[in-house]
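Reading through the structure tokens given below for one structure.
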Amino acid sequence: MEQGYLALVLHAHLPYVRHLEGEKYLEQRWLFEAITETYIPLLQVFQGLLDDKVDFRVTMSLSPTLISMLTDGLLQERYAQYLNSLIKLAQAEVSRTKEDPKLSCLAEYYVKNFTSI
């Protein structure tokens, strides 16, 4: 019996969403959510595999549009503000839910998650 191989190729793309007119646009939030919920968690998993000395390979393509946005200083600054607002919100939820262990545990998870990003 022959051994087969499976290749998963990840492709990342988002439409160009940079706006000079203001800081808070829905389209920019799409980018920030993708960074927070997809791209950084993927990097964290890859780093964990490296730390555990797991022999793995990954193929990932990034569109020029996405690379342009990820390397844009203005969008990086706005993303840092977005992430800081998520951390503050999660910290407020820890305080608000301190009497409810289930909800408090969830709020603490988000503080830890957003801070690690």
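Below, all heavy atoms of this structure are taken into account, side chains as well, without hydrogens, waters or symmetry copies.
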**Request:** Can you measure from CG (Leu14) to OG1 (Thr38) and round to the nearest 0.5 angstrom?
**Result:** 8.5 Å
**Asked** Cluster question for you: counting only ILVMFWY and a side-chain heavy-atom cut-off of under 4.5 Å, with indirect links fine, are Val111 and Leu103 together?
**Response** no
**Item:** Any side-chain heavy-atom pair of Phe46 and Leu50 under 4.5 Å
**Value:** no
**Message:** What I want to find out is whether Asp55 reaches Arg57 closely enough, with some N-O distance under 4.0 Å, to be called a salt bridge.
**Reply:** yes
**Derivation and outcome, salt bridge (charged side-chain N to carboxylate O under 4.0 Å, His left out), residues Lys98 and Asp100** = CA-CA 6 Å; Lys98 64 184 172 198; Asp100 185 336; over 6 Å; no
**Request:** Would you give the length of the straight line joining atom CE of Met60 to atom OH of Tyr39, rounded to the nearest 0.5 angstrom?
**Result:** 6.5 Å
**Request:** Measure the shortest side-chain to side-chain distance between Tyr79 and Ile117 over non-hydrogen atoms and say whether it is less than 4.5 angstrom.
**Result:** yes
**Complete:** d(Thr97 OG1, Glu108 CD) to nearest 0.5 Å is 7.5 Å
**Message:** Which heavy atom of Arg78 sits nearest to which heavy atom of Gln28, and what is that distance?
**Reply:** NH1-NE2, 2.9 Å
**Message:** I need the Leu75 CG to Ile35 CD1 distance, nearest 0.5 Å.
**Reply:** 8.0 Å
**Request:** Please check if Leu86 and Val94 belong to a single hydrophobic cluster, counting links between Ile, Leu, Val, Met, Phe, Trp and Tyr side chain heavy atoms closer than 4.5 Å.
**Result:** no
**Message:** If the test is side-chain contact (heavy atoms from CB on, under 4.5 Å), which one of Leu66, Asp72, Ile67 qualifies with Leu70?
**Reply:** Leu66
**Parallel, tilted or perpendicular: rings of His11 and His13 (30°, 60°)** = parallel
**Message:** Applying a strict under-4.5 Å side-chain criterion to I, L, V, M, F, W and Y, I'd like to know whether Phe56 and Val45 cluster together.
**Reply:** yes
**Validation row: Thr36, Phe114 side chains within 4.5 angstrom (heavy atoms)** = yes
**Prompt:** Salt bridge between Arg29 and Glu33, side-chain N to carboxylate O under 4.0 Å?
**Reply:** yes
**Fill in**
Rounding to 0.5 Å, atoms CG (Leu62) and OG (Ser68) come to a distance of 12.0 Å
**Message:** Side-chain heavy atoms nearer than 4.5 Å, only ILVMFWY residues, links allowed to pass through others: does that put Leu89 and Tyr82 together?
**Reply:** no
